[in-house]
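What follows is one structure encoded as C-alpha cells, with my remarks underneath.
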2 protein chains.
Amino acid sequence: MTVGQSVRYIDAKERITGQIEYVLNMELPGMLYAKVLRSPFPHARIVEIDTSEAEKLPGVFTILTGADLLNDPEVRARFGPVYRDQGIVAVDKARFVGDAVAAVAAIDLDTAEEALDLIYVEYEELPAVFTPDEALAPGAALVHEKVMRRETSFADIILRAEDGSNIGNHFKLRKGDVEIGFAEADHIFEDTFSTPASQHVTMEPHVCVAQVDNSKNVTCWTSTQTPYIVRAQLAETFKAPQSQVRVIVPTLGGGYGAKTYPKIEPLTAMLAYKSGRPVKLTLTRAEDLISITKHAATIRMKTGIKADGTIVAREVESYWNAGAYADISPRLIKNGGYASPGPYKIPHVKVDSYAVYTNLPPAGAFRGYGVAQGAWAYETQMDMMAERLGIEPLEFRMKNFIGKGDTFATGEVVHEPMFSTLTQASADWIGWGKSSTPSNGSKRRGKGVTCIIKGTVTPSTSAALMRLNPDGSCTVLTSTVEMGQGSKTVFTQMIGEAFGLPPEKIKIVDPDTDITPYDLTTSSSRSTFSMGTALMMAGEDAKQQLRQAASDLLEAAPEDLEVVDGLVQVKGSPERSLTLAQVISKGRLGTVYGNGTFTTKGGIDPETGQGIASVHWHQAAAAAEVEVDIETGKVDILRLQTSLYTGKTINPINAELQSEGSVIFGQGKAVLEEMLYDNGQMINANLADYMVPSFLDVPADLGVALFEDHSPDAEAHGIGETTLPPVPPAIGNAIYNAVGVRLQHLPITPEKVLRALREKEQNKAETAS
Amino acid sequence: MTVGQSVRYIDAKERITGQIEYVLNMELPGMLYAKVLRSPFPHARIVEIDTSEAEKLPGVFTILTGADLLNDPEVRARFGPVYRDQGIVAVDKARFVGDAVAAVAAIDLDTAEEALDLIYVEYEELPAVFTPDEALAPGAALVHEKVMRRETSFADIILRAEDGSNIGNHFKLRKGDVEIGFAEADHIFEDTFSTPASQHVTMEPHVCVAQVDNSKNVTCWTSTQTPYIVRAQLAETFKAPQSQVRVIVPTLGGGYGAKTYPKIEPLTAMLAYKSGRPVKLTLTRAEDLISITKHAATIRMKTGIKADGTIVAREVESYWNAGAYADISPRLIKNGGYASPGPYKIPHVKVDSYAVYTNLPPAGAFRGYGVAQGAWAYETQMDMMAERLGIEPLEFRMKNFIGKGDTFATGEVVHEPMFSTLTQASADWIGWGKSSTPSNGSKRRGKGVTCIIKGTVTPSTSAALMRLNPDGSCTVLTSTVEMGQGSKTVFTQMIGEAFGLPPEKIKIVDPDTDITPYDLTTSSSRSTFSMGTALMMAGEDAKQQLRQAASDLLEAAPEDLEVVDGLVQVKGSPERSLTLAQVISKGRLGTVYGNGTFTTKGGIDPETGQGIASVHWHQAAAAAEVEVDIETGKVDILRLQTSLYTGKTINPINAELQSEGSVIFGQGKAVLEEMLYDNGQMINANLADYMVPSFLDVPADLGVALFEDHSPDAEAHGIGETTLPPVPPAIGNAIYNAVGVRLQHLPITPEKVLRALREKEQNKAETAS
C-alpha cells in the first residue's frame, strides 16, 4: 500500500457493517439525556424563568438557566472563539429564534421534553434585525450592546468592532491604489451578488457526551473537527487548566465546517457539571439546521478594465450575515475577503468585508470558508463583463489569470499557478465552444466555465507521533479527525510506503486531547499536507532511531542503513538486515517513537491584507452544461466537471470521490439550498422543505480531473473544499448561456428562472413596443 | 509540590467520593455478561460438552468451548507468557478444581448463570497430584503431557522443562563451590521450611470488558498491571498485529502481582469476538481466590558455618507449587532462587529451584515475588543456627551481612549495602535485648528481628511522554498503572518540581496501549525509579525544546536559559522571562512533547545465575514484639516495625503508608492466611474462612523508618514490596523468643502454636521421665 495508489478506505468494512463507534451511539452508565428550551422570538429580553414546576417532575436531574451560570463563580457563562459573546444558555437576551434559553438533563428524553413544557419564561420582545442592511441602518436594534472581547484572540486579525454597532468585524485589504486603477480603466463595472444562508446537513447531527467530576476534570466525547479548540474553550468555561479537560473524538458522520469551534460542548459539559452525571445532548435535525449556517453574503464588486480586456482594479465590498453570535465570522471574513478578487492578476485591489450581527442563527465555517460567496460574485461578473466587452469569456479569463511570477491580491507571488491549464481542461471536457442540441422544443442548452483560488489557514501547526510496536506494527497518533474524508486511509498509505508496512499493521488512533498530539483543526483542506508532513517528519525521526539501534546489531554505521520493506538493512547488502521487530526487541527499545511537528510559515499584515496568506493555493476550475426548460424554469445539469490541482495525489480514487462530493455540494448551493425565514423563524427546517441534492439529482456526467506536479519534491496540496466554489457560477453562467437570464442571487430555483424569463420577455416586449 | 514533600494523593478526592472509574463499574451499550463453567474435578479429561440446551435459552448469545477454539483457524486456543499452556477455556483436560471448561455470554448475569446449569459436560476423572512431592514421584500423573513451548520467550531464563515430567522449570545458581564450602565449615545445618499458597485478595477482583470488531480490532478495558503484555498476548490470541489490539487500564482496585500477565482477558475477548458484542467478565470472590495464588514453597536450606560464626556455604533447594498452568512460575523461581541465600556474604552458594506443575490453581506473581518464601526460610534458620551456635542472633546477622564491596549470591558487588544499619534501627525500635513484661499470667512476650534483600526486574524498559499544553499545563503519558500505590502522585511531584508547576496543572493519563508509551510492567517495585527516570528524561527533552524556542524570543542562547517556576528565564536575569504558555504560543509550537526512554542495564547468566540481577537492591529489616497466650496459642503482635532503604524518597507519607501496607500483608502471611484444599477443592474460598488482616488486627505500634541516600545524585529505589518479606520470620522469631516453639511452616495459627507448646511439654516430660 503506497502513496499514489487508489486503495479502498481502510475502515470501509467497519463503515459498511455499522461498526464505527459514533458519539451518536454512545451510552454511559447513569447517563442523562438533555433537551434545550429555545426562544420563540428573534430578539427578546428574558425577564423571568420559573423552573419550579419542571424541577418537581420525577426524573429531572438538572435545569440550567442563565442565572445559574451568572451565579456560579467557578464557571464562565459565555464562550466563543473570537468574542466571548454566546451564553451557554442565554444569560440576558435571546438573540434568534431557537437560541438556547434553558436546558434540562433528565433520566430519559421523554422526561426532558416534558420538563421543557413546564418551564415558564417571561420574555420582553425587542425589535429585531435580519439583514446587514437592517442591522447597519441608523438606530437599528443592537444584537449585542457591548463587544465581548476575550483576553486573547487570534493574532492574525484586527478586531474592528465597537460598542453600539452591529458590526462584528471589518477586514481590509489594500493592494496598490484602486483610485489610480479605476482612473486608468476604460470600463468600470459594478454589480452586486448575493448568496443565502444554507446548511451543512451532516448525516450525524451535533452530538456530545460529557462527564465532569467534582474536581472539574472534564471528559467530553464529541463530534467536532477541532478537538484542541474545544478543549481550550471548555478549560476556559470551567476556569481550569487545559490538562483537566479531555476531548475524545471518534469518527464523525460528516463535518464540512459545521463542527469547528465549540457548539453544544459547553452546554453539555455544564449540565454534566451541575448534575454530577454523564450527559448526552443530541440535536434534532430541526435544531441542527439552526445550530450554525453558511454565511449569507452580499458582495458589491466594482471592476476596472482596460480597453484590451486587462483588469486593472477591483474593489470589493462584502457584507456577511453573522447571525446572533460571532463564532468564527470575524475571522472568516478575512479569508472570504482576501479571496474575493479571484485568481486574476490585478495591480490595484481594495477589499472591505464586514461581519454583521443579526437576529438569525449564527453563521460560521462552511466547506469553502468564504470563498464560494466571493467566487459566485467574481466568476459571475467575469461572464457579465466579458459579454459587455464583447470578449469570449474563456479568453477573457485566460488573459487575466495569475501566471508564473504574478502576484495575488495579497501581494504574494502565487507558486505553481495552474489556472489556465485547469480552466482549459474543464472547458475541453464539456466541448466548450461547440453548441449542443437540446432534447425537445421547450429546452435550451448552455455551457459555463469558471475558475477559483482558495487559501488554507497559514501559519498553522500540526504534530504527529508514530510508534513502532514490539512486533513491528505501527500505531499513528494524530489529532486529525476522520470525518469521511479518508484521513486514516491517507496516513496509512503514507506510513505504509515510508516503512514498507502492510495496512493491517498500521493503526490510526482517533483524536483524544490527553493523548494525540496537537493539531489546529481538521478543516481548511489542510490535513493531508500539514498533518501528512508532520507524520513524515515523525517517520524520519523513528527511522533515525531504528538506524541508530540497528547500527550495533548489524555492525554498520547508521548512515549506511536504510529502512525499507519492514526491514532495517545495510544499503546495498539486503542480506544484512533485521526486521523492525528484531531491532526493537534486540535493541531493548520497548517501542520506537517518532515525533514530528510541522508549522507552516506565513501570515498577512492584518492592516493591509498583504503577505503570505496561504502556504499553498488551492486551485480549481469548473465547467457545466445545463438544459433549461423555458416552460417550467427547471434546470437539468447535464454535465458537471471540475479540474483541480493536487500537487501530489496520495489516493486518486479518494481524491476524486471527495472532490465529487464538493461538486455536489456546489450543485446544491447553486440550484437548491436556502434557509428561509419568516420574522427570524426558519420555515423550512426539515429535509423535505430544505433540499440537499439526492443521488437522482447528480448529473450522469460528473467528472473530476486531477492535475499533479510530477517533480520528485512535489507536495500534497489540500483538496477537500476546492471544487465547491467554482460550481455555482459555472452553473449560473451555463444558464445564462442557455436562456439569457442572469441571476445574481443564489439559489437559481425554477421559480427564479421562470420569473427572470418572463421579465426578460416583458422587457423585450416593452423595448419592442 | 516538590519531591520529598508528604503531599496527599492527587486523586484523593475522586477516590473518596467514588468518582474513580474502575473497570468494575463499566458498561457499554449492548454489552453482554459472561459466566464461566468450572471443573468440579482436579484433573479430568473432557469427553463431551453438550451446549444445545443452553443455546436454546433466550438471552444467551454465545457459548464458548474448547472445540470452538480448536476449530477456528483465526485464533489460538491457548495462551501464556512463558509456555502457551493454558486454554482460553479447557481444550482437552480440566487441570484444577475451578478450571474454565466453558463460558457463556448472555444478556444479563442471571441468564448466563442459568445457561451454565444447562451445559452438560462428561468428564473422565484422572489421578491428580497436589504437592511437588506427589508430582515428582515416579509414575505421577502428568498435568501436561507435553511442554507447550512458545516461539519466543523470556531471554533471561533457560527453560529446563521436558516432556513427561511435571517440572515446569529449574533455575540454577552456582557461586564458588559449595562442596569446598561445606568442607571448610565447622557446623552444617540443614532445615526445611514451607509456606502455603495464599492469595492477593485485591479489593477489586479480576474484571475485564472487551470488544472485538469484524476486522479483529480488539479493545480491552481491564484491571491489569501489565497492559503491554496483555496486548501482546491478545495479539497472539487473535493472530493479529499488536497495532490492532488496544488495552485500556483505568485505576485498579489493587494488584499486588495478581494482575500481571493475562488472566481473564483472552476469555473475555474471545466471547466478544464470537458474539460480536461487548462482553464483561467479573470474577466472584470465590473465583478470584483461585484465579492466581502466591506460590506454596518448600525450601531446604543447608548452611555451613565456621566456628567463629562466619557463613561459608549455603545450598538451597526449593520447590514451588506452580499449580496447573505455568503463568510466570518458570521465571519467578529465578528471582525466588537467586534471592534465597539472603543478604549475607557467602563465598559458596548453590541454588536449585523448581517450578512444579500440580492440579491446583495456578500460582504467579505475588507482592515480594518469590522473596518472601526464601526470607521465611533463611531468616528463620538464622535464628535457629544462632541458638545452636550460642550466638546472639542480631550479632550473628551483623557478622555476616553483606557490607561495602561484598558480593551477593549472584557474584555482583551490592551497591549501597544498608543491611546493618536497617537491622540495628529495627532492633532499636523494639528495644532489642530488653525484656518486656507480659500483660498477665498465661502470656509470654518475645522479640524477633530480620533482614532481607530483594531485586527488581533487570534489565527493563520504561518510556514516558510529557506534553506541555498551549496554556502551559502539563499532560503526562505513561503506561504505569495506578493501583493505589500512588504513582500518579509521585509523577505529579516529579514533574511539578522539574517545571515549577502546581499539581492542578498536571494530569497523569491512565495507560492505553494505543497511546501511552511502552512500559514492561507495573510491578517489581520499579515504577518510581524506572518510569520516574524516563519521565525526567522526557522533562529534559521538553526543557531543551523550550529553551530552543525561547532563545529567539528572549534573545539569549538556549544554554543561558533555564526552566523554573513555570517560566523560561535568562539565568541570572529573572526579569527576562516568559511563561511556558507564552513560549508555546509565540513559538508556534502547538504543544511541546518531551520523550524519554529508560532501559536499565544488567542481567544474569541463565546457566550460573551470576551477573547483575538487579539495578538496585531493595533492602529492609523488620522487628516484631509479640505476646503469646500459652493457654490458647493466640499470638498478639504488639509492635511491628520495618526499616527500609529508599535511596531517595519522593513522598515520605506515601512511602510510609505503602510500606505499612506491605507490613500488614506480611502479618497476614505470618499468622492468618492459607488456602486450604480438600482433594484440590479450596475449602475456605470466602473471606469469612480465608482471613486477611483487618484493621483491628493491625498492631497499635506499627512503624516504618525510611533511610535515604542524601547525596545529590541519589536515586529513588523501589519500595512497594520491600517490607513484606522480613515480617513473617520476624514474627516467627519473636514467637520462639516468647515461648520457645519453632514453627517452620506458615501460617503460625493458634492451633499450631498450641500443638507445638503441647509437644514441647510432652518432650520435656518424656526427657524428664
Side-chain angles (χ1 to χ4, degrees), chain A residues 11 13-14 17 19 21 25-30 152 155 211 213-215 217 228 231-232 235 240-244 246 276 459-463 465 467 469-477 504-507 509 512-520 585 588-593 595 597 599, chain B residues 11 13-14 17 19 21 25-30 152 155 211 213-215 217 228 231-232 235 240-244 246 276 459-463 465 467 469-477 504-507 509 512-520 585 588-593 595 597 599:
Chain A
D11 48 1
K13 194 170 167 190
E14 288 79 5
T17 55
Q19 300 212 5
E21 289 172 11
N25 300 328
M26 194 179 161
E27 285 172 41
L28 289 179
T152 59
Q211 190 161 16
D213 75 12
N214 53 12
S215 299
N217 287 303
Y228 272 90
R231 178 175 78 161
Q242 292 179 7
S243 52
Q244 271 185 234
R246 181 172 199 166
S460 81
T461 296
S462 293
L465 274 176
R467 306 174 33 171
N469 299 308
D471 68 348
S473 63
C474 177
T475 309
V476 172
L477 292 95
E504 63 272 17
K505 285 205 167 182
I506 302 165
K507 157 95 152 269
V509 174
D512 177 337
T513 58
D514 261 10
I515 284 156
T516 56
Y518 177 82
D519 184 36
L520 179 64
S585 63
R588 289 204 167 270
L589 302 175
T591 303
V592 172
Y593 294 83
N595 193 340
T597 299
T599 300
Chain B
D11 48 1
K13 194 170 166 191
E14 289 80 5
T17 55
Q19 299 213 6
E21 289 172 11
N25 300 329
M26 196 180 158
E27 287 172 39
L28 288 179
T152 58
Q211 187 161 18
D213 75 12
N214 54 13
S215 299
N217 287 304
Y228 272 91
R231 177 175 79 161
Q242 292 179 7
S243 52
Q244 273 186 230
R246 181 173 199 166
S460 80
T461 297
S462 293
L465 272 177
R467 308 173 33 173
N469 299 309
D471 68 347
S473 62
C474 177
T475 310
V476 171
L477 291 95
E504 63 273 17
K505 284 205 166 183
I506 302 165
K507 157 94 155 268
V509 175
D512 176 338
T513 59
D514 260 10
I515 284 158
T516 55
Y518 178 83
D519 184 37
L520 179 66
S585 62
R588 289 208 164 268
L589 302 174
T591 304
V592 172
Y593 295 84
N595 193 339
T597 299
T599 299

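It should be emphasised that the depicted structure is a prediction, and the values quoted were computed from it without experimental measurement. Order of the sequence lines sets the chain letters (A, B, ...), proteins ahead of strands, with each chain counted from 1. These values consider heavy atoms only, across backbone and side chains, with no hydrogens, waters or symmetry-generated copies.
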For B/Gln242 against B/Ala232, the heavy-atom pair lying closest together: NE2-CB, 3.7 Å
Nearest non-hydrogen partners of A/Ser215 and B/Glu14, listed with the distance: OG-OE2, 2.7 Å
From [atom1] ([X]) to [atom2] ([Y]), nearest 0.5 Å:
X	Y	atom1	atom2	result
B/Gln244	A/Asn469	CD	CG	11.5 Å
A/Asp514	A/Arg231	CG	CZ	7.5 Å
B/Ser243	A/Asp471	OG	CG	6.5 Å
A/Arg588	B/Thr599	CZ	OG1	7.5 Å
A/Tyr593	B/Thr597	OH	OG1	6.5 Å

Would you mind checking which part of [X] comes under 4.5 Å of any heavy atom in chain B, side chain (CB onward), backbone (N, CA, C, O), both or neither?
X	result
A/Gln19	side chain
A/Arg467	side chain
A/Leu477	side chain
A/Thr591	both
A/Asn595	side chain
A/Ser585	neither

Hey, which of [options] has the most heavy atom pairs under 4.5 Å with chain B?
options	answer
A/Met26, A/Lys507, A/Arg246, A/Gln211	A/Lys507
A/Ala463, A/Cys474, A/Pro470	A/Pro470
A/Asp512, A/Thr516, A/Thr152	A/Thr516
A/Val476, A/Asn214, A/Thr475	A/Asn214

In terms of heavy-atom proximity below 4.5 Å to chain A, should [X] be classed as side chain, backbone, both, or neither?
X	answer
B/Leu589	backbone
B/Thr461	side chain
B/Asn217	side chain

Whether over 12 other heavy atoms sit under 6.0 Å from A/Glu21 CD: no
